[in-house]
There are 2 protein chains.
Amino acid sequence: MKKEKILIVDDEPDILEIVGYNLKKEGYTVFTANNGKESIKIAKKENPDLIILDVMMPEMDGMETCYQMRNISSLKDTLIAFLSARGEDYSQIAGFDAGADDYITKPVKPRVLVSKVKAILRRKGGTTSEEKDVEVGEIAIDRERYIIKKKGKEINLPKKEFELLSLLMSKPGRVYTREVIMNTIWGGEVVVGDRTIDVHIRKLREKLGDKYIKTVKGVGYKFEA
Amino acid sequence: MKKEKILIVDDEPDILEIVGYNLKKEGYTVFTANNGKESIKIAKKENPDLIILDVMMPEMDGMETCYQMRNISSLKDTLIAFLSARGEDYSQIAGFDAGADDYITKPVKPRVLVSKVKAILRRKGGTTSEEKDVEVGEIAIDRERYIIKKKGKEINLPKKEFELLSLLMSKPGRVYTREVIMNTIWGGEVVVGDRTIDVHIRKLREKLGDKYIKTVKGVGYKFEA
DNA sequence: AGCCTTTATTAATTAATTGTTAATCTTGAA
DNA sequence: TTCAAGATTAACAATTAATTAATAAAGGCT
């Protein structure tokens, strides 16, 4: 479900690491670049959903980078957030309409960062990949109607089961660790036991048949035809 | 198995006790200190895996303590989590600048605490080098799906075997000593006998065929086409 | 509101898989 | 040829997941 791509651009490796780490933990796919030029190359290739762009960078600064990105048609739906130190001259940034969608201030606080990123992406809503329905073999998912189909026959799933299946199917074959599942479906704050996941998995298997969801012991679960 | 060392630092004995008790119950080895100075002394001596540091302390506060700890080379890999009252001004903490890896909020709820600590420590283990997929001759590795392929045919490997093969294949031809293998796959904490590696190697050879993994007697093992 | 139904979570038990060790055998380098 | 390093095997231990049933929480409906 939450497999949005995020590109982080900063010249300080430390920042890349902590921001990247915290977002990865939440299940996002993270790319990093340490200068404007590189970031544009990656952005073109990966088409991220969100780009977090440090304002202060040597050579090509964040605003310039942003400006160039905005002229790339494939990136016209991409969100861009500026990363800037508190107290840096806001007026200049704000005044210059480079097309940023939001601001994040340093020093970066993990919780704040994560919830902000979630908020930004939520705002974007419905668009791209996130909401794309998947169909794998006999199982199809309809996120809009919140139902799934098995061989064309509709099956109703409770919320948690639906989201779990949704996550697993969002990239068939890929193993999702319990940690990622937890963070994605329950969020960082809620704490539920490990067995809870098992039980939901079991219910899914009951309804879909055993062959789809596979256990990778010691690692996690994956969906496979 | 779970014998990670945790150092808890707080000026309130109550907190030390409740946190310490709950972590001991989970099998961790717990040390306590009631001020920054003492905590640094203990940290140097015991080299804990995780330090839980109260932000608000008389004399040397959590941030200052954290900062000093970060300058001690033996504590480079130690995780530090801040303990702070919910609602305390986060911006004042500027946690990541001082090098904290996570936050825990008071009041401490045992279950939340324990699972959070587990998560933090698990993370540490998982951080070890994000290796990329390789393909050598007839054998290909797919870390995302957690499978390997031999001539396109998928083979499922248990975790340890997968990681072992993964390591050997990460640089084909290179010999990995037992020591390196141990440290990479089991980590410094766990101690297992030498034969254990042999057994895993054997299982791999059974599944892949003998020709890929070569023994370099007196030195280690290597993967070769 | 109170009742009923569905969904979510937990706890306790069982089952399966995976990991480790110990004991013995084999091999190859000095 | 000798002998330490490694291979092999099977027994055993530990870990992890599956299952079941019970309980709690949420939602719907008169």
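In what follows, chains carry the letters A, B, and so on, assigned in the order in which the sequence lines appear, proteins first and then strands, with residues in each chain numbered from 1. Basis for what follows: all heavy atoms, side chains included, without hydrogens, waters or symmetry-related copies.
- Of the candidate nucleotides dT20(C), dA17(D), dT9(D), dA17(D) has the atom nearest to the side chain of R178(A).
- Ion pair E138(B)/K150(B) not flagged as a salt bridge, since none of the NZ, NE, NH1 or NH2 atoms sits closer than 4.0 Å to an Asp/Glu carboxylate oxygen.
- The separation between R202(A) atom CZ and dA11(C) atom P is 18 Å, rounded to whole Å.
- As judged by a 4.0 angstrom heavy-atom cut-off over every strand, T196(A) is placed among the base-contacting residues.
- Using a 4.0 Å cut-off between charged nitrogen and carboxylate oxygen, K207(B) and E161(B) count as a salt-bridge pair.
- One can place CD1 of I197(B) at 10 Å from P of dG6(D), the figure rounded to the nearest angstrom.
- In this entry the distance linking CG of L204(A) with C1' of dA8(C) reads 13 Å, nearest Å.
- The separation between L157(A) atom CG and dT6(C) atom P is 15 Å, rounded to whole Å.
- Residue T215(B) has no polar side-chain atom (N or O) positioned under 4.0 Å from OP1 or OP2 of dA5(D).
- Side-chain contact check for R178(A) and T196(A): no donor-acceptor pair (N or O, by modelled atom type) lies under 3.5 Å.
- I52(A) has its side chain within reach of L23(A): a pair of non-hydrogen atoms, C-beta onward, lies under 4.5 Å apart.
- D49(A) contributes a side-chain N or O that, together with a main-chain N or O of K5(A), makes up a donor-acceptor pair within less than 3.5 Å.
- Residue K207(A) is the one, among G193(A) and K207(A), whose nearest nucleotide of DNA chain C lies closer to the 5' end (criterion: closest heavy atom).
- Nearest heavy-atom pair across T65(B) and G36(B) is OG1-CA, 3.7 Å.
- For dT16(D), neither phosphate oxygen OP1 nor OP2 lies less than 4.0 angstrom from any side-chain nitrogen or oxygen of Y221(A).
- Contact annotation: R195(A) side-chain N/O to dA8(C) OP1/OP2 distance is not under 4.0 Å.
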Considering only nitrogen or oxygen atoms on both sides, find all protein atoms under 3.5 Å from nucleotides 25-28 of chain C and state each distance.
residue: dT27(C); atom: O2; partner: K217(B); partner atom: NZ; Å: 3.1

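- Among the atoms of the strands shown, base atoms are found under 4.0 Å from some heavy atom of K203(A).
- Axis angle between the ends of the helix from dA1(C)-dT30(D) to dA30(C)-dT1(D), five pairs each and rounded to 10 degrees, works out to 30°.
- If you measure from atom CD of E206(A) to atom P of dA21(D), you get 11 Å, rounded to the nearest angstrom.
- Here the P atom of nucleotide dG6(D) and the OH atom of Y176(B) are 18 Å apart, to the nearest Å.
- Put simply, the side chain of D142(B) gets close to the backbone of R145(B): a donor and an acceptor are under 3.5 Å apart.
- Checked against dA17(D), dT21(C), dA8(C), the side chain of K159(A) finds its nearest nucleotide in dA8(C).
- Atom pair L164(A):CG and dT9(C):P shows a separation of 11 Å (rounding to whole Å applied).
- Contact check, H200(A) against dT7(C): no side-chain N or O comes under 4.0 Å of OP1 or OP2.
- Atom OH of Y146(A) is surrounded by more than 12 heavy atoms from other residues, nucleotides or ligands within 6.0 Å.
- The distance between the ring centers of Y176(A) and Y221(A) does not fall below 6.0 angstrom.
- Residue M182(A) contributes atom CE, which lies 12 Å from atom C1' of dT9(C) at whole-angstrom precision.
- Phosphate contact (OP1/OP2 of dA8(C), side-chain N/O of W186(A), threshold under 4.0 Å): absent.
- Of all non-hydrogen atoms in S39(B) and M69(B), the two that sit nearest each other are OG-CE, 3.5 Å.
- The side chain of D198(A) sits closest to dA18(D) out of dA18(D), dT8(D), dT20(D).
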